[in-house]
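Report on one structure; see the data block that follows.
Just the heavy atoms: all of them, side chains too, but no hydrogens, waters or symmetry mates, feed the values below. Here, residue 1 is the first one in the sequence, and each next residue gets the next number. Note that the coordinates shown come from a computational prediction; the quantities given were computed from them, not determined experimentally.
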Amino acid sequence: MDKYHQTQQLLERLESVMREAGIWETKSPASAALASVEPFAVDTLTCSQWFQWIFIPRMTQLVVMQAPLPTQFEISPYAEEAMKDQPGFAVVLGVTREFDDLFRAK
């Protein structure tokens with residue numbers, strides 16, 4: 001299985017576990033919040049919002065376009081700290097660790 005296919009599967013799993021945990025939102029944040037230039041949009045979005053409204057769409061776009069995927073990638077430390085008190089924390093963290101493993105420089 002190639003990296004694009006693995007990435008798409010992980011993106012789908014991340015969405016699924018977020019939905020199951022009840023942290024998937026139906027209404028998009030304001031466009032100004034989505035335009036943050038801070039890493040993980042920490043100044044305007046929660047971690048789960050960042051996953052839903054920025055990370056998943058951008059990674060999906062890379063997969064669809066077969067564009068170069070990120071390297072030396074690690075999101076679990078952020079998720080671990082930012083989501084520690086949220087529902088579904090453990091399962092979301094499990095998926096983010098799989099992303100980290102897939103995109104770790106080899």
Side-chain angles (χ1 to χ4, degrees):
M1 179 180 335
D2 71 8
K3 195 176 257 191
Y4 290 103
H5 188 73
Q6 289 175 293
T7 301
Q8 186 60 44
Q9 285 185 328
L10 286 173
L11 291 168
E12 290 168 4
R13 189 151 15 125
L14 180 58
E15 178 178 341
S16 177
V17 299
M18 289 175 66
R19 285 182 184 277
E20 289 170 12
I23 56 175
W24 189 263
E25 299 180 355
T26 57
K27 185 177 178 200
S28 174
S31 57
L34 296 171
S36 171
V37 296
E38 294 295 317
F40 306 106
V42 295
D43 58 334
T44 59
L45 301 175
T46 65
C47 182
S48 59
Q49 287 174 319
W50 180 79
F51 281 133
Q52 180 176 350
W53 302 105
I54 295 178
F55 179 75
I56 292 173
R58 288 184 183 173
M59 290 295 288
T60 299
Q61 185 177 26
L62 293 177
V63 169
V64 167
M65 296 175 62
Q66 298 282 292
L69 295 169
T71 60
Q72 299 184 10
F73 178 98
E74 201 167 8
I75 58 174
S76 292
Y78 168 61
E80 189 168 7
E81 180 59 32
M83 295 186 74
K84 63 185 170 194
D85 297 324
Q86 279 195 285
F89 163 72
V91 290
V92 169
L93 189 60
V95 177
T96 65
R97 286 182 175 152
E98 288 186 61
F99 272 112
D100 291 351
D101 290 343
L102 183 61
F103 290 102
R104 190 168 284 123
K106 299 200 182 337

Taking all atoms of both residues into account, what is the closest heavy-atom pair of [X] and [Y], and its distance?
X	Y	answer
Val92	Leu14	CG1-CD1, 4.0 Å
Ala33	Thr44	O-OG1, 2.7 Å
Ile23	Ser48	CD1-CB, 4.0 Å
Pro70	Leu62	CD-CD1, 4.1 Å
Ile54	Leu34	CD1-O, 3.9 Å
Ser76	Arg97	OG-N, 3.1 Å

Find the distance between [atom1] ([X]) and [atom2] ([Y]) and round it off to the nearest 0.5 Å.
X	Y	atom1	atom2	value
Lys84	Phe89	NZ	CZ	9.0 Å
Phe40	Thr46	CZ	OG1	13.5 Å
Arg13	Phe99	CZ	CZ	8.5 Å
Phe51	Leu45	CZ	CG	12.0 Å
Ile75	Cys47	CD1	SG	8.0 Å
Asp100	Leu93	CG	CG	8.5 Å

Return yes if some donor-acceptor pair links the side-chain N/O of [X] with the main-chain N/O of [Y] below 3.5 Å, else return no.
X	Y	value
Lys3	Leu102	yes
Gln86	Met83	no
Ser16	Glu12	no
Gln52	Glu25	yes

> Charged N to carboxylate O under 4.0 angstrom, Arg19 versus Glu15?
Replying inline: yes
>> Any salt bridge linking Arg104 with Asp101? Criterion: basic side-chain nitrogen under 4.0 Å from a carboxylate oxygen.
In response: yes
> Quick one: are Gln9 and Glu98 in side-chain contact, heavy atoms under 4.5 Å?
Replying inline: no
> Got a sec: does the CD of Gln66 have more than 12 other heavy atoms crowding it under 6.0 Å?
Replying inline: yes
>> The criterion is ring-ring contact (aromatic ring centres under 6.0 Å, His included); which residues satisfy it with Tyr4, sequence neighbours excluded?
In response: none
> Aromatic rings Phe55 and Phe73: how do their planes relate, parallel, tilted or perpendicular, breaks at 30° and 60°?
Replying inline: tilted
>> The criterion is side-chain hydrogen bond (donor to acceptor under 3.5 Å, both in side chains); which residues satisfy it with Arg58, sequence neighbours excluded?
In response: none
